[in-house]
Enquirer: 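Questions regarding the structure given below will be posed in turn.
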Amino acid sequence: MSDFFSKTDLSRNDAEGIISETLNKCDDGELYLENSKSESIVLDDDKIKSSTYSSDLGYGLRAVTGEVVAYSHSNEISKNSLKQSADNLRSTLKSQNGVYNHEIPKTNEKFYKGVNPIEEKLLQSKLELLKEVNNYTRAKGGIVQQVTASFTGEHKSVEIIRSGGEVLTDVRPLIRFNVSVMLEKNGKKETGVYGIGGRQSYDEYLKNDNWKTVCDEAFRIASVNLESKPAPAGEMKVVLGPGWPAILIHEAIGHGLEGDFNRKKTSAFHNLMGQRVASEGVTIVDDGTLHNKRGSLTIDDEGTPTEKTVLIENGILKNFMQDRLNARLMNTRSTGSGRRESYKHAVLPRMRNTMMLNGKYSQEEMIKSVDKGIFAVSFGGGQVDITSGKFVFNCTEAYEIINGKIGSPIKGATLIGDGPSILKEVSLVGNNMMLDPGIGTCGKAGQGVPVGVAQPSILIDKMTVGGTQL
């Protein structure tokens, strides 16, 4: 854990005094201190293409009155800098009349260890492993044209000081290992990408040669796409596979259940609390308490302990995801969903690990029930209107379904629709829920934060599929 006051003229007592004075008549606020270290190592074209390391230290001071947020940040932690920030906030909040709320529940539970993944594994060993990855993947045959492999790691220490001297701390590790393989056969080129990650050290993911599984999966995806044919188009049944396809739930549905959009009534769900918004059997939760997962947090960026929040239960809308500001204005409570990209950013209500829970059907039963449709295993890029839920997603691995059987792989399939409508078209929910491998990042309002998704296989009775000719 970083000692933010060891190399500065600002003492903890000074900071607590400035904070308490500044936030005296505010509804909320805090001093958020952050020390972040990150690295990125990329191998491409048989050589190490880049190796970078960065370190950032700073604070953000926030004051909230009503729905007005005043925010000031600096990469200089000093008495003068913090006083200037406090003066800036007071000049913005000229009509302070709130009552500061001190009540934040405490937790001793940790959902990840405070390891430093960057320092736990030597740089040279990371470089050597990337070269092993390259050699192993290229040894799969002459159709391998290009291999790109990368490590990214982060170690972030945060401290939150609230009025009255209340202090909350967290240490957050995060890693990602990624492999991309490009194959060429008979003049046709295809790429497969796969990765893993979460809030542990590199070795926790790479021990026992587990990295070979990542290489094998990237190669398999590219191989499947080499044999693909043009995707069909039209309205049809779609079976979504388990795990990563839940990114559709995250984008097309999850954002619409965040508190700020609903308080401002820009979400399609804002007036539907307690009503049926999905088929019976559809239960969606947002869970920040899964051990070592990418989207998990011991406390959010306001200091509130995270939790498992039931959003939709058996088709009925139960809750929105809330930070402290939106919860107060909507007369409810924070769900521990207040997040920020860094000390330079103010808090927003955000997702953590967003999941559809298990139903009772097997994937095989779903496939057998489809005369003509597609089986979407994985998604790549897409476009989403996060207030209406309208989306277009590109499938990176998909197959046709003909007479209840999986057929040829298809290329160029796009799924088109809107989240609120699709929820009501879910007819079967599988019993094979799977978490994504730990690669997700959400960029709401330009702030990138790590997130996770999960779902079982689901059958959507009616969905628009766009096809692209090869």
Side-chain angles (χ1 to χ4, degrees), residues 27-30 32 34 60 62 64 67 69 71 101 103-107 109 111-112 156 158 160 162 168 170 172 174 199 246-247 249-264 266-267 269-270 273 283-290 293-313 317-342 345-357 386-387 389 419 440-454:
D27 290 310
D28 209 346
E30 70 284 307
Y32 174 89
E34 178 183 276
R62 181 179 70 148
V64 182
E67 59 183 271
V69 177
Y71 197 73
N101 183 355
E103 296 178 7
I104 287 187
K106 302 299 187 297
T107 179
E109 190 170 7
F111 301 117
Y112 35 82
K156 182 181 290 188
V158 302
I160 299 166
R162 293 173 48 77
L168 307 108
D170 197 16
R172 302 167 179 173
L174 187 67
R199 296 196 181 278
I247 191 66
I249 294 172
H250 170 103
E251 295 287 5
I253 298 160
H255 280 299
L257 299 179
E258 290 168 333
D260 49 352
F261 295 126
N262 288 282
R263 176 177 65 83
K264 298 172 184 176
T266 57
S267 166
F269 296 99
H270 79 272
M273 186 63 69
T283 296
I284 298 175
V285 305
D286 189 74
D287 193 348
T289 68
L290 302 177
K293 296 305 177 183
R294 186 173 175 86
S296 297
L297 291 170
T298 297
I299 57 173
D300 73 0
D301 293 328
E302 298 179 293
T304 306
T306 55
E307 62 175 46
K308 179 179 179 179
T309 307
V310 178
L311 304 173
I312 297 172
E313 185 174 33
L317 180 58
K318 294 290 187 177
N319 290 291
F320 298 129
M321 290 165 278
Q322 302 284 8
D323 62 345
R324 289 172 59 83
L325 182 152
N326 288 281
R328 174 173 51 80
L329 295 174
M330 296 178 74
N331 296 314
T332 183
R333 63 177 185 85
S334 169
T335 57
S337 303
R339 305 189 67 184
R340 61 182 107 201
E341 179 178 323
S342 74
H345 302 84
V347 172
L348 296 171
R350 308 289 295 276
M351 282 171 275
R352 297 155 303 190
N353 300 299
T354 309
M355 309 179 292
M356 182 183 290
L357 301 187
I386 59 178
T387 54
T441 298
C442 175
K444 175 182 176 182
Q447 294 193 37
V449 298
V451 294
V453 296

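Position 1 is the first residue of the sequence; numbering continues from there. Because the structure is a prediction, the values reported are computed rather than measured.
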Enquirer: Is the backbone of Gly60 close enough, under 3.5 Å, to the side chain of Arg340 for a donor and an acceptor to pair up by distance?
Expert: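 Answer holds: no.
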Enquirer: Does atom NZ of Lys308 have more than 12 heavy-atom neighbours from other groups under 6.0 Å away?
Expert: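 Counting other residues, nucleotides and ligands, NZ of Lys308 stays at 12 neighbours or fewer.
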Enquirer: Got a second to check how far Asp301's CG is from Arg350's CZ, nearest 0.5 Å?
Expert: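 If we round to the nearest 0.5 Å, Asp301:CG and Arg350:CZ are 10.0 Å apart.
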Enquirer: Kindly say whether Glu307 contributes a backbone atom to a donor-acceptor pair with the side chain of Thr289 at under 3.5 angstrom?
Expert: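 Checking the backbone N and O of Glu307 against the side chain of Thr289, no donor-acceptor pair under 3.5 Å is found.
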Enquirer: List the atom of Gly419, the atom of Ile253, and the distance in Å for their closest heavy-atom pair.
Expert: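 Looking at all heavy atoms of both residues, the closest pair is CA-CG1, 3.8 Å.
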Enquirer: Salt bridge between Arg328 and Asp28, side-chain N to carboxylate O under 4.0 Å?
Expert: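 Between Asp28 and Arg328 there is no salt bridge, as every charged N stays at least 4.0 Å from the carboxylate O atoms.
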Enquirer: Give me the atom names and distance for the closest heavy-atom approach of Ser334 to Gln322.
Expert: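 Closest approach of Ser334 to Gln322: OG-O, 3.4 Å.
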Enquirer: For Thr283 and Leu357, indicate whether the former's side chain and the latter's backbone hold a donor-acceptor pair under 3.5 Å.
Expert: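 Not at all, since once roles are kept as given, no pair shorter than 3.5 Å links the two residues.
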Enquirer: Do the side chain of Asn262 and the main chain of Gly256 share a donor and acceptor less than 3.5 angstrom apart?
Expert: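 Yes; judged by distance alone, with no hydrogens or angles, the pair exists.
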Enquirer: Please give me the minimum heavy-atom distance between Met273 and Phe320, naming the atom from each residue.
Expert: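 Looking at all heavy atoms of both residues, the closest pair is CE-CE1, 3.4 Å.
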Enquirer: Enter the distance from Ile104:CD1 to Asp300:CG here, rounded to the nearest 0.5 Å.
Expert: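 If we round to the nearest 0.5 Å, Ile104:CD1 and Asp300:CG are 8.0 Å apart.
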Enquirer: Any non-hydrogen side-chain atom of Pro305 less than 4.5 Å from a side-chain atom of Glu109?
Expert: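 Pro305 vs Glu109: side chains apart.
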Enquirer: In Å and rounded to the nearest 0.5 Å, what is the CD1 to OG1 distance from Ile299 to Thr304?
Expert: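 It comes to 8.5 Å.
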Enquirer: Take Lys156 and Glu34 through the side chain to side chain contact (heavy atoms under 4.5 Å, CB included) test and state the conclusion after the steps.
Expert: CA-CA 7 Å; Lys156 182 181 290 188; Glu34 178 183 276; 3.5 Å; yes
Enquirer: Only distances under 3.5 Å count here; give the side-chain donor-acceptor pairs of residues 443-451 to other protein atoms, sequence neighbours excluded, each with its distance to 0.1 Å.
Expert:
| residue | atom | partner | partner atom | Å |
| --- | --- | --- | --- | --- |
| Lys444 | NZ | Glu258 | OE1 | 3.0 |
| Lys444 | NZ | Asp260 | OD1 | 3.1 |
| Lys444 | NZ | Asp260 | OD2 | 2.9 |
| Lys444 | NZ | Pro349 | O | 2.8 |
| Gln447 | OE1 | Glu341 | N | 2.9 |
| Gln447 | NE2 | Ala346 | O | 3.2 |

Enquirer: Looking only at heavy atoms, what is the nearest atom pair of Gly303 and Leu168, with distance?
Expert: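 In terms of heavy atoms, the two residues are closest at O-CD2, 3.3 Å.
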Enquirer: Considering all heavy atoms of both residues, which atom of Ala246 and which atom of Val453 are nearest to each other, and what is their separation?
Expert: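 For Ala246 and Val453, the tightest heavy-atom pair comes out as CB-CB, 3.7 Å.
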Enquirer: Between the main-chain N or O of Ser296 and the side-chain N or O of Arg199, is there a donor-acceptor pair closer than 3.5 Å?
Expert: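 Judged by distance alone, yes, a pair lies under 3.5 Å.
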Enquirer: Can you tell me how far apart CD1 (Ile312) and CZ (Phe269) are? Round to the nearest 0.5 Å.
Expert: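 Here the rounded value is 5.5 Å.
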Enquirer: Distance-only, no hydrogens or angles: does the Tyr112 side chain make a donor-acceptor pair with backbone N or O of Thr298 under 3.5 Å?
Expert: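 Yes: the side chain of Tyr112 pairs with the backbone of Thr298.
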Enquirer: For the pair Arg352 (side chain) and Thr306 (backbone), establish whether a donor and an acceptor sit closer than 3.5 Å, ignoring hydrogens and angles.
Expert: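 Not confirmed, Arg352 side chain does not pair with Thr306 backbone.
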Enquirer: Can you tell me if Asn353 uses its side chain to pair, donor with acceptor, with the backbone of Asp287 under 3.5 Å?
Expert: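 Side chain of Asn353 to backbone of Asp287, a donor-acceptor pair under 3.5 Å: yes, one is there.
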Enquirer: Nearest heavy-atom pair of Arg339 and Leu297: which atoms, and what distance?
Expert: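 Minimum heavy-atom separation between Arg339 and Leu297: NE-CD1, 3.6 Å.
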Enquirer: In chain order, what residues pass the side-chain contact (heavy atoms from CB on, under 4.5 Å) check against Thr354, with sequence neighbours excluded?
Expert: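 side-chain contact (heavy atoms from CB on, under 4.5 Å) check on Thr354 returns Ile249, His250, Ile284, Asp286, Met351.
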Enquirer: Glu302 and side chain to side chain donor-acceptor pair (under 3.5 Å): which partner among Arg62, Arg324, Arg162?
Expert: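 Only match with Glu302 under side chain to side chain donor-acceptor pair (under 3.5 Å): Arg62.
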Enquirer: Between Leu325 and Arg263, is a side chain to side chain contact (heavy atoms under 4.5 Å, CB included) present by the stated rule, with each step listed?
Expert: CA-CA 10 Å; Leu325 182 152; Arg263 176 177 65 83; 4.0 Å; yes
Enquirer: Tell me every residue that passes ring pair (Phe, Tyr, Trp, His ring centres under 6.0 Å) with Phe111, counting only those two or more places apart in sequence or in another chain.
Expert: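 With neighbours one apart ignored, the set is His291.
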